[in-house]
Amino acid sequence: MTGRKFIAAISIAIGAAAVASVAGANDSVVKAVANTDQWAIAGHDYGNTRFSPLSQINSDNASKLSLAYSFSLGSLRSNESSPIVIGNTLYVSTSWGPKYVYALDAATGARKWTYEPEIPDDVLQYACCDVDNRGVTFADGKIFVGRLDGKLTALNAETGKELWTAEVVDYKQGSVITSPPLVVRDKVITGFGGGEYGVRGALQAFDLNTGKQVWKTFTVPAPGEPASETWKGDTGLRGGGVPWLVGSYDAKSDTVYWGTSNAGPWNTSVRSTGDGNFGKLTNLYTSSTLALDPNTGKIKWHIQSTPADAWDYDGVNENVLADLSISGSTVPALMKADRNGFFFVANRETGKLLSAEKFVFANWAERWDVATLRAVENPDKRPGPGHPVKDICPNVIGGKNWQPMSFNPQTGLVYIPSNNFCMDFSNTDVSYKRGLFYLGADFPAKEGPGGFLGELIAWDPVNNKKVWSIKQDLPFNGGTLTTGGNLVFYGNLHGDFHAIDAANGKILWKKNLGSGIGAGPVTYAVDGKQYVAVVVGRTASIPAFLGEIGKKMTAAAPEGGSLFVFAVQ
């Protein structure tokens, strides 16, 4: 099926919220998602579609957008939070821990309460890559936030009072929490970071009311456990595979979906064969999509997008869930724009992979074989001991990084913030030391082909093709939001925030907000008026990995830390 062009249009997406079939979900979250005036989850719904049906702001009047209010977050550097909105209250977290969580009047920006956790001063050295926080989660009158010190905290949504704090992981091994958890029924599920520090990945569920751990599932096996044969010796115990980004949930099949990070170390000879003849040493479950039972944490199925990963191609990117019409049949689909440059579409109920096509320039593999579930690699582009490689694309940052994509069921398109730059790569000797980088590689960055470094891509996931795109001079630009008003909202590293026609890519409105934008925007309505909100504050650590390209990224805009909210006045 690789290369096959599917016929038929996309049906109206249900998304993972599956509001018509909610037996397995948390009732308060389902109710919040069903209220289209709200933005109830980081990705808007359980399926991470980032689609809002609101249409008061639309392609006809977007040029009239103006500032409703702004709010200083009181924290600079890598502000990456997507706010959530419940009723008339907007909840937003900041960088550095988070340093603060705020509850604001969503229409005016008036502050209702502030939560300031005690975050240790030394978290920066354990946080790859940067002191970011990507938002909070709501359920049952509570706000949940993961922290850089490896803890998970529940707050009273009305008052901001701390209700409980659970220890998820020891941050001093290099494991921080930067992304919001996922609530399913009475369980708060979270992962953590640390793939670059030689940690062992895991997902954990905590009781919503008490903070007591309910289950823990390691995403990399210990010796003797299932899939341990895919690792050399006991190297899986330091093998990465951390699920540090956001999860998705399908109520119909009662399944949670999460992506896992690269294997550790980057030098593949430590954990696998060091070349393309890796056989069974694929290093499960790294660089994968996992489907899990939210009641027990048991892994139902997996798709490993980069077996025996040699390039730091994390598989953590969000899984977007929607129903697609493929070859005349409605398919409960899972979509992921992977770091390795391939766009994956699978049946989310069965785990059957339907297609995997390049959405950016990627030369590490010729194609991805759906039948064998392996990439057809270009052997000249796989680095190994004594085999340094030049001009590998994509770079370690990936064809798409953490910045969220969105899916619009009206246009049938996915809007992907993508990167276009490459790297040289050579292995080096490496030894494990707790709390320090565990890489074993040098990877200087270089520009990709075509004279651009970033691109906003409108992608047809049924016919596997680019419909339109907007090229950018820099990589690592912002996440996307799409709406029923035929709009896509998107920011870049210069701080330019755009409203774009979702059908044809025409830029309808632009405003510079003073600092680079990585966060995904959100939209909501209060008292019949629609607003669009975005957090700004450019990345600081990522450019340090990217040489001359990184210098351009840093020079593009100063550090910042603000929330901006717009409306058509």
Side-chain angles (χ1 to χ4, degrees), residues 1-16 18 43 46-49 51 247-253 255-260 282 284-285 287-292 299-307 313 315-360 362 365-377 399-400 405-409 411-416 418 457-467:
M1 294 177 67
T2 302
R4 176 180 176 181
K5 299 303 183 183
F6 295 115
I7 302 172
I10 296 177
S11 65
I12 297 299
I14 296 174
Y46 268 127
N48 276 310
T49 66
F51 168 76
S248 308
Y249 174 68
D250 179 29
K252 182 180 177 182
S253 62
T255 304
V256 164
Y257 307 91
W258 230 289
T260 61
T282 57
L284 290 175
Y285 294 96
S287 300
S288 298
T289 292
L290 303 182
L292 306 101
I299 297 173
K300 296 181 176 183
W301 54 259
H302 74 277
I303 297 171
Q304 190 175 36
S305 47
T306 314
Y313 289 156
V316 295
N317 287 353
E318 70 281 2
N319 293 287
V320 173
L321 312 184
D323 287 353
L324 304 182
S325 180
I326 298 175
S327 299
S329 299
T330 299
V331 176
L334 174 151
M335 298 176 280
K336 177 192 278 188
D338 201 88
R339 296 234 186 147
N340 67 16
F342 286 84
F343 191 95
F344 290 84
V345 180
N347 184 311
R348 68 176 180 265
E349 294 181 355
T350 66
K352 180 181 180 181
L353 187 61
L354 303 176
S355 63
E357 300 291 341
K358 295 180 183 180
F359 68 97
V360 294
E366 296 177 11
R367 59 187 177 87
W368 219 93
D369 192 328
V370 173
T372 63
L373 297 180
R374 294 278 180 94
V376 180
E377 293 185 15
K400 176 189 173 298
M405 65 185 188
S406 58
F407 171 72
N408 189 317
T411 64
L413 301 178
V414 180
Y415 303 98
I416 309 169
S418 73
I457 297 174
W459 181 262
D460 181 340
V462 171
N463 295 299
N464 296 305
K465 66 179 183 180
K466 184 190 302 184
V467 176

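Side-chain atoms of Thr255 and Glu349, non-hydrogen and from C-beta on, never get closer than 4.5 Å to each other. Side-chain contact between Ile457 and Val360: present, with at least one pair of heavy atoms (C-beta onward) separated by less than 4.5 Å. Residues Asn464 and Trp459 have side chains in contact (heavy-atom distance under 4.5 Å, counting atoms from C-beta outward). Considering only heavy atoms from C-beta on, Tyr257 stays 4.5 Å or farther from Leu292 through its side chain. Looking only at side-chain heavy atoms (C-beta outward), Val320 and Val414 stay at 4.5 Å or farther from each other. Put simply, the side chain of Asn408 does not reach to within 4.5 Å of the side chain of Leu413, judged on heavy atoms.
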Legend entry - Verdict with reasoning, Lys352 to Val370, per side chain to side chain contact (heavy atoms under 4.5 Å, CB included): CA-CA 9 Å; Lys352 180 181 180 181; Val370 173; over 6 Å; no

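Considering all non-hydrogen atoms of both residues, Val462 and Asp460 come closest at N-OD1, 2.9 Å. Residues Arg374 and Pro307 come closest through the heavy atom pair CD-CG, 3.8 Å.
The backbone N or O of Asn48 lies less than 3.5 Å from no partner atom in the side chain of Glu318, so there is not a single donor-acceptor pair. The backbone N or O of Ser305 sits nowhere less than 3.5 Å from a side-chain atom of Ser287 that would complete a donor-acceptor pair. Remark: the backbone N or O of Asn319 is paired with a side-chain donor or acceptor of Ser248 at under 3.5 angstrom. Of the possible polar contacts, one joining the Thr260 side chain to the Tyr285 backbone as a donor-acceptor pair under 3.5 Å is found. A donor-acceptor pair is defined here as one N or O able to donate and one able to accept, closer than 3.5 Å; such a pair exists between the side chain of Asn340 and the backbone of Phe342. In this structure, the side chain of Arg348 engages the main chain of Ala333 through a donor-acceptor pair within 3.5 Å. Under the 3.5 Å distance criterion, the side-chain polar atoms of Lys336 are left unmatched by any main-chain donor or acceptor of Ala346. Judged purely by atom type and a 3.5 angstrom limit, Asn317 uses its side chain to pair as donor or acceptor with the backbone of Ala337. Side-chain atoms of Lys300 never come within 3.5 Å of backbone atoms of Gly351 as a donor-acceptor pair (strictly under, hydrogens ignored).
Separation of atoms CG (Leu290) and CD1 (Ile299) is listed at 5.0 Å; rounding is to 0.5 Å. Rounding to the nearest 0.5 Å gives a distance of 10.0 Å between CG of Leu334 and CG of Leu324. The CZ atom of Phe344 lies 8.0 Å from the OG1 atom of Thr289; values are rounded to the nearest 0.5 Å. To the nearest 0.5 Å, the span separating NZ on Lys252 from CG on Leu321 amounts to 13.0 Å.
Between Tyr249 and Tyr46, the ring planes are perpendicular. Angles over 60° get that label, and only those under 30° would be called parallel. Aromatic ring pairs are classed by plane angle as parallel below 30°, tilted from 30° to 60° and perpendicular above 60°; the pair Phe343 and Phe359 is perpendicular.
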